[in-house]
Amino acid sequence: MPPNDKVAVIGAGALGLMALKQFKEDGFDVTGFESRPYVGGLWKDSRDSTISVHASTVFNTSKFRAAISDFPFPESTDNFPTATQMHDYLCSYADHFDVKRHVKLNTKVKQILRENGQWILEVEDVTSGSVSTQRFDRVAIATGSYYAPRWPKLEGLEKFSGKAFHSIDFHTSESFKDQNLLLIGMHATALDTTTALSGIAKHVYLSHRHGLTLLPSYTPEGEPSDTVPGLGFLMVQSWLEANMPATWTWLFDKVLSRISNAAFPNTPDEWGFRPAPSIAVATPVMGDSVWPHLKSGFAEPVPGVKHITGPKTVELTNGRVLTDIDTIIYCTGYDFDIPEDLIPKTPSQENLYHPYPNGPRTNPYLYRNIFPLTSDETIRNTLAFIGHSATPYPGFVQFELACMAVSQIWVGNKSLPDLPTMKTWHATWTAQRAATIRKYNAPSDSTFYPALLPFAKYFPWMNEMAGTGLFETMGGKCNGMFNARTWELWWRDRELYDLMRNGILTPTVFRVFEMESGGRKALGWEEGKRRLRRDNEVYQKAVRARGRELGLDEDTGKPLKGGKAA
Ligand SMILES: Cc1cc2nc3c(=O)[nH]c(=O)nc-3n(C[C@H](O)[C@H](O)[C@H](O)COP(=O)(O)OP(=O)(O)OC[C@H]3O[C@@H](n4cnc5c(N)ncnc54)[C@H](O)[C@@H]3O)c2cc1C
Ligand SMILES: NC(=O)c1ccc[n+]([C@@H]2O[C@H](COP(=O)([O-])OP(=O)(O)OC[C@H]3O[C@@H](n4cnc5c(N)ncnc54)[C@H](OP(=O)(O)O)[C@@H]3O)[C@@H](O)[C@H]2O)c1
Ligand SMILES: *[C@@H]1O[C@H](CO)[C@@H](O)[C@H](O)[C@H]1NC(C)=O
Ligand SMILES: *[C@@H]1O[C@H](CO)[C@@H](O)[C@H](O)[C@H]1NC(C)=O
């Protein structure tokens, strides 16, 4: 590698921090730029018009699966971390790996120019307003994928007399005391907003166009649901999904629907939850916190809006008229893009590369949703977009793996294929995506995240580029057979083998092995084993504690007489 190459990371949210840490670990000279006065990005409730969580947001996967691979959550963190705990975690991650001193806070990148084989960043000190330029060899853009709030047009909105605004501006509930609110959309934000309004507002209507799969955070035995699938499941998934995608989707939809029905039974037909869109084109959402409000009648799912007919009246697509609406909140999500300023330019201010040339609702024009598809090889190997690739897999580790992949490619341990191959990958995926949208009837303006890649299309590649050795050692080709690496592990360290195979699938598994062909820094077998043991102990302790709360028998996991769950 060119040692000490200067790398700029723009944005110091969760992804920017992981990128900075990874690049630094692999020997790059890193500088982070963050326009906010703090690191951690959207996980701190910002109270202004920049995107952030609500103070009451809870992370949607458990800390056992959501952690960064070499930085477990503190034991005191809730099983499902709160926004504050998540922000604290990200800050202590930055401290622990000594990343913070590389981040220039209150510093906004205003422009990215390509000149004489280097990247020139124009940065503004937002407190003083002074502007300066700095040169870098490589740039990673990690400014967050959610760019512009989506504001679907509601016909007749001008007749409405109440306030109508996007959830990005929803911070506190007090001003909605005793009001009836109409929330447009019924996904994570709408459900969180409902919970935040409960006990204050009078009634909440949740307007949605298609169904929804609600998932429970815990199994009836008190295990966080996302800890149930282990490494074996992952291997089967990657094989089935690659080889029999339709079967996989069918099976997974069935399983999720069954889990959902068992946890949230007897939902009235009028709520319109079923048939829920397929996992192929929609993401399920955690339902525990909203469920009591649905049951009590405080929150009422209703069909889409046809038009607004008066100062307080709204007609729905099924003809029903709501006559008492005080406020409308658009919980309609965001378009993916990067800020206009950050589209890399030539010295004569022409766009050098736009990752969304076909608009923000299409999949990005990037190899593996990360690398620019341009004829200039030096640009392909020095510019990365982080946060526009994602796959249904819990927590942060997938973003970390993406950062490892970029870093290993930049270091020279791995390489990108040639341009025609990368373009073919993109064209194939674009065609598959269009076919999926048709097959599963997703409407053209639906919330099918442009970043989302099928697991099998993305995860094994990332794993290989990062050089984690996980699939190679634990049977990733999923032929059901041991290979030489598996045998060696099984023979030489049965405990580690068992922890990997049968323990919970913690992010630590991505840090254990070393590959001869190169890869991110590994913990090694001994340290890996120690951490896996700890991960499993902490997990067991948490499950037992939850069991006691629920009044379950420690040995059988079944309800005890007199326990809450009985
Ligand atoms: C409300 C909400 C809840 C979510 N909940 C979950 C969840 O439960 N589970 C999950 O897995 N994911 C969740 N997500 C997804 C979330 O996007 C990721 O978890 C992750 O936090 C994104 O991190 P990021 O670093 O890409 O973006 P951000 O945290 O947005 O960080 C980007 C940073 O870039 C900075 N920046 C932008 N432009 C510039 C510039 N020009 N110069 C300098 N700095 C700049 C911004 O100030 C910001 O700090 C949620 C998202 C939202 C919006
Ligand atoms: N920790 C958490 O649990 C948490 C909390 C908040 C947000 N998040 C994350 O933050 C991101 C944004 O979430 P979000 O809930 O704000 O947005 P989202 O996931 O994009 O959902 C938007 C909702 O609005 C609906 N919608 C969009 N356009 C519409 C239109 N024209 N008319 C009617 N309905 C429309 C969508 O339904 P259609 O399917 O019909 O398009 C969907 O129900 C997501 O990645 C989410 O997972 C997570
Ligand atoms: C959690 O949030 C992420 C990012 O917003 C989303 O992609 C994922 O589908 C959500 N998972 C669940 C189980 O709700
Ligand atoms: C590249 O791979 C080699 C193993 O082939 C490894 O020793 C080295 O640490 C890797 N470089 C980096 C910076 O990850």
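In each ligand, atom 1 is the first atom listed, and ligand 1 is the first ligand listed.
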Option with minimal heavy-atom separation from atom 51 (C) of ligand 1, where the choices are Y334, F33, Y146: Y146
Nearest-neighbour protein heavy atom for [atom], which is reported as residue plus atom name and distance:
{"atom": "atom 9 (N) of ligand 1", "value": "N60 OD1, 2.9 Å"}
{"atom": "atom 2 (C) of ligand 1", "value": "V53 CG1, 4.2 Å"}
{"atom": "atom 23 (O) of ligand 1", "value": "L15 CD1, 3.7 Å"}
{"atom": "atom 47 (O) of ligand 1", "value": "E34 OE2, 2.6 Å"}
{"atom": "atom 36 (N) of ligand 1", "value": "S35 OG, 3.8 Å"}

N or O contact, L42 vs ligand 1, cut-off under 3.5 Å: yes
N/O separation below 3.5 Å, A14 to ligand 1: yes
Minimum heavy-atom distance between S35 and V126, given as atom pair plus value: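 Looks like O-CG2, 3.8 Å.
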Salt bridge (Lys or Arg N to Asp or Glu O under 4.0 Å) against E34, all qualifying residues, sequence neighbours excluded: none
Over-ring placement of R114 relative to W119, 6.0 Å and 45° cut-offs: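 Yes, R114 sits over the ring of W119.
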Which N or O atoms of ligand 2 sit under 3.5 Å from a protein N or O, and how far apart is each pair?
residue, atom, partner, partner atom, Å
ligand 2, 1 (N), V58, O, 2.9
ligand 2, 15 (O), A188, N, 3.3
ligand 2, 15 (O), T189, N, 2.9
ligand 2, 15 (O), T189, OG1, 3.2
ligand 2, 16 (O), T189, OG1, 2.5
ligand 2, 19 (O), H187, ND1, 2.7
ligand 2, 19 (O), Y449, OH, 2.7
ligand 2, 24 (O), C331, O, 3.3
ligand 2, 39 (O), H210, NE2, 3.4
ligand 2, 40 (O), R209, NE, 2.9
ligand 2, 40 (O), R209, NH2, 3.1
ligand 2, 40 (O), H210, NE2, 2.7
ligand 2, 41 (O), R209, NH2, 2.8
ligand 2, 41 (O), T447, N, 3.1
ligand 2, 41 (O), T447, OG1, 2.9
ligand 2, 43 (O), M186, N, 3.0
ligand 2, 45 (O), Y146, OH, 2.5
ligand 2, 45 (O), Y449, OH, 3.4

Residues in the immediate environment of ligand 3 (any heavy atom closer than 4.0 angstrom): N60, Y146, T283, P284, V285, M286
Contact list for residues 329-340, test salt bridge (charged side-chain N to carboxylate O under 4.0 Å, His left out), sequence neighbours left out: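 Of all non-adjacent pairs touching residues 329-340, those that pass salt bridge (charged side-chain N to carboxylate O under 4.0 Å, His left out) are R150-D335, D335-R361.
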